[in-house]
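Quick notes on the structure that follows.
Counting starts at 1 for both ligands and their atoms, following the listed order. Because the structure is a prediction, the values reported are computed rather than measured.
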Amino acid sequence: MSDQVRIVEVGPRDGLQNEKAQVTVDARVAFIEALLAAGLHTVEVGAFVSPKAIPQMVGSDEVLRRVSRHAGGEFHVLVPNEKGYEAARAAGAKVIAVFGSASEGFSRANINCSVAESIERFKPVIARARADGLKVRGYVSCVLGCPYDGEVKPKAVVDVARVLWDLGCYEVSLGDTIGVGTPTKARELLRAVTGHVPMANLSMHFHDTYGQALSNLYAGMEEGCRVIDSAAGGLGGCPYAPGATGNVATEDVVYMLDGMGVATGVDMTKLLRATNEISKLIGRPPVSRVAAALNAKQRANR
Ligand code: HMG
Ligand code: MG
């Protein structure tokens with residue numbers, strides 16, 4: 001597998017949306033700039049969602065405006081509806097992400113509507129974004145299990161992924177929101193979805209609740225998937241996915257890929273610095289095994 005993987009760094013959004021500590025706009029901008037400096041060019045920086053639902057993402061307009069001056073970066077923001085689209089566009093968004101679910105229970109809890117209703121909400125958002133020259137990414141959550149409905153069949157994922165692709169999303173990110181998947185299931189899922197969305201346009205967004213994310217990513221890579229969503233330090237979670245922990249840690253992904261000879265363009269030392277800084281701010285050490293190992297090694301060498 002000696003080729004390339006594109007990493008979509010979701011720490012500043014998925015990572016911080018579930019933190020108790022309110023991280024200031026200044027600190028979020030500094031975090032994103034540190035990630036860019038580490039070589040992570042595609043960064044999800046915020047969300048234009050209800051401030052009552054996710055107060056942590058308040059100020060995403062300012063964050064987006066400030067980081068947008070970095071010409072080399074591609075900045076993504078979540079948009080659930082036309083109100084969010086208008087705010088994102090006013091803040092200069094060039095890439096937005098709509099987010100749906102393969103399961104009804106999570107759709108209701110997360111965005112207060114059924115899966116079918118969510119698609120109807122996305123249609124005008126995607127159409128307007130494309131007419132305005134923006135790129136649209138599509139998420140499907142709960143692809144390997146739902147905290148409310150339990151098992152999720154690949155067919156339910158295929159149905160939503162196909163619609164998002166047909167509506168014009170350039171990439172569909174498959175979210176194991178609660179991190180329950182195992183490699184065989186991840187593989188079966190990718191095989192099912194790639195019958196309808198090309199593998200080159202799929203991303204793996206795996207949370208690491210049960211410690212399976214790296215194995216699942218490896219299985220997905222064996223199927224040919226080359227885009228991975230991850231969060232520095234293994235930050236992340238969703239307030240509407242009770243019990244779920246963070247995304248797979250970017251450090252863990254980069255370490256695995258480096259070892260496999262797969263290029264990511266990420267500088268581990270700089271990434272570790274970014275992770276350590278945000279961990280200090282939120283008041284707990286990174287859950288990433290690689291960050292813990294490298295920090296311990298640095299302490300021993302001091
Ligand atoms: P709703 O209550 O059905 O919406 O919420 P509504 O249209 O009836 O509006 C209710 C209130 O929200 C109104 O304000 C609106 O103005 C306001 P009020 O009159 O009560 O003061 N509102 C908004 N405010 C700001 N921006 C907006 C917006 N829309 C309405 N865009 C809604 C529907 C989707 C808005 C709400 O449920 C919501 O914001 N949910 C947040 C969902 C969220 O951000 N979840 C976390 C991200 S998803 C995730 O983490 C999974 C992912 O990582 C992939 C994976 O891991 O699987 C992507
Ligand atoms: Mg997520």
Are Val180 and Leu214 connected in the hydrophobic side-chain network, where two residues link if heavy atoms are under 4.5 Å apart? no
If we only count N/O pairs under 3.5 Å, is [X] in contact with ligand 1?
| X | value |
| --- | --- |
| Ser50 | yes |
| Gly84 | yes |
| His207 | yes |
| Thr177 | yes |
| Val49 | yes |
| Phe48 | yes |

Is there a side-chain contact between [X] and [Y], using heavy atoms and a 4.5 Å cut-off?
| X | Y | value |
| --- | --- | --- |
| Val160 | Val115 | yes |
| Asp26 | Arg66 | yes |
| Gln56 | Val23 | no |
| Asn276 | Pro286 | yes |

Of all the non-hydrogen atoms in the protein, which one sits nearest to [atom], and at what distance?
| atom | answer |
| --- | --- |
| atom 33 (C) of ligand 1 | Ile111 O, 3.7 Å |
| atom 58 (C) of ligand 1 | Arg13 NH2, 3.4 Å |
| atom 5 (O) of ligand 1 | Asn112 CB, 4.3 Å |
| atom 19 (O) of ligand 1 | Lys52 NZ, 4.9 Å |
| atom 34 (C) of ligand 1 | Pro80 CB, 3.7 Å |
| atom 29 (N) of ligand 1 | Asn81 ND2, 2.8 Å |

Ligand-residue contact atoms, ligand 1 with [X], heavy atoms, under 4.0 Å:
| X | result |
| --- | --- |
| Leu78 | 47 (C) |
| Cys238 | 46 (C), 50 (O) |
| Asp14 | 53 (O) |
| Ala53 | 38 (C), 39 (O), 40 (N), 41 (C) |
| Pro51 | 24 (N), 25 (C) |
| His205 | 53 (O), 54 (C), 55 (C), 56 (O) |

Could you work out, for [atom], the closest of [options] by heavy-atom distance?
| atom | options | result |
| --- | --- | --- |
| atom 15 (C) of ligand 1 | Lys83, Glu86, Glu44, Gln17 | Lys83 |
| atom 54 (C) of ligand 1 | Gly138, Gly175, Ser141 | Ser141 |
| atom 40 (N) of ligand 1 | Val58, Asn110, Leu144 | Asn110 |

Do protein heavy atoms approach [atom] to less than 4.0 Å?
| atom | answer |
| --- | --- |
| atom 8 (O) of ligand 1 | no |
| atom 26 (N) of ligand 1 | yes |
| atom 42 (C) of ligand 1 | yes |
| atom 11 (C) of ligand 1 | no |

Relative to Tyr139, does Arg13 satisfy both conditions: NZ or CZ under 6.0 angstrom from the six-membered ring centre, and within 45 degrees of the ring's axis?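 Relative to the ring axis of Tyr139, which defines the angle, Arg13 lies inside both limits.
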So, of the N/O/S atoms that His205 has, which is the nearest one to the Mg ion (ligand 2)? NE2
Is it the side chain, the backbone, both or neither of Val10 that has a heavy atom closer than 4.0 Å to ligand 1?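 The answer is neither.
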Region of Met57 engaging ligand 1 - heavy atom pairs below 4.0 Å: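 It is neither; nothing of Met57 touches ligand 1.
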Taking atom CD of Glu104 and atom OG of Ser118, what is their separation to the nearest 0.5 Å? 8.0 Å
Drop me the distance from Asn216's CG to His207's NE2, to the nearest 0.5 angstrom.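 Between Asn216 CG and His207 NE2, I get 12.5 Å after rounding to 0.5 Å.
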Glu251 side chain to Thr275 side chain, donor-acceptor N/O pair below 3.5 angstrom: yes
Between Ser101 and Ser141, do the side chains contain a donor N or O and an acceptor N or O under 3.5 Å apart?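 Result is no, nothing qualifies.
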Using a 3.5 Å distance criterion without hydrogens, assess whether the side chain of [X] forms a donor-acceptor pair with backbone atoms of [Y].
| X | Y | answer |
| --- | --- | --- |
| Asn201 | Tyr170 | yes |
| Glu117 | Ser114 | yes |
| Asn110 | Phe106 | no |
| Thr177 | Cys142 | yes |

Suppose we only count N/O/S atoms under 2.8 Å; would Asp14 qualify as near the Mg ion (ligand 2)? yes
Give a yes or no on whether Cys238 keeps an N, O or S atom under 2.8 Å from the Mg ion (ligand 2).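 No, outside the cut-off.
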Do Glu171 and Lys135 pass the salt bridge (Lys or Arg N to Asp or Glu O under 4.0 Å) test, and can you show the C-alpha distance, the side-chain angles, and the key distance before you say yes or no? CA-CA 9 Å; Glu171 189 163 277; Lys135 291 204 306 181; over 6 Å; no
Looking at ligand 1, is there an atom of it that comes within less than 4.0 Å of some heavy atom belonging to Ala87? no
Is the count of non-hydrogen atoms from other residues, nucleotides or ligands lying under 6.0 Å from [X] atom [atom1] greater than 12?
| X | atom1 | answer |
| --- | --- | --- |
| Arg130 | CZ | no |
| Arg289 | CZ | no |
| Tyr148 | OH | yes |

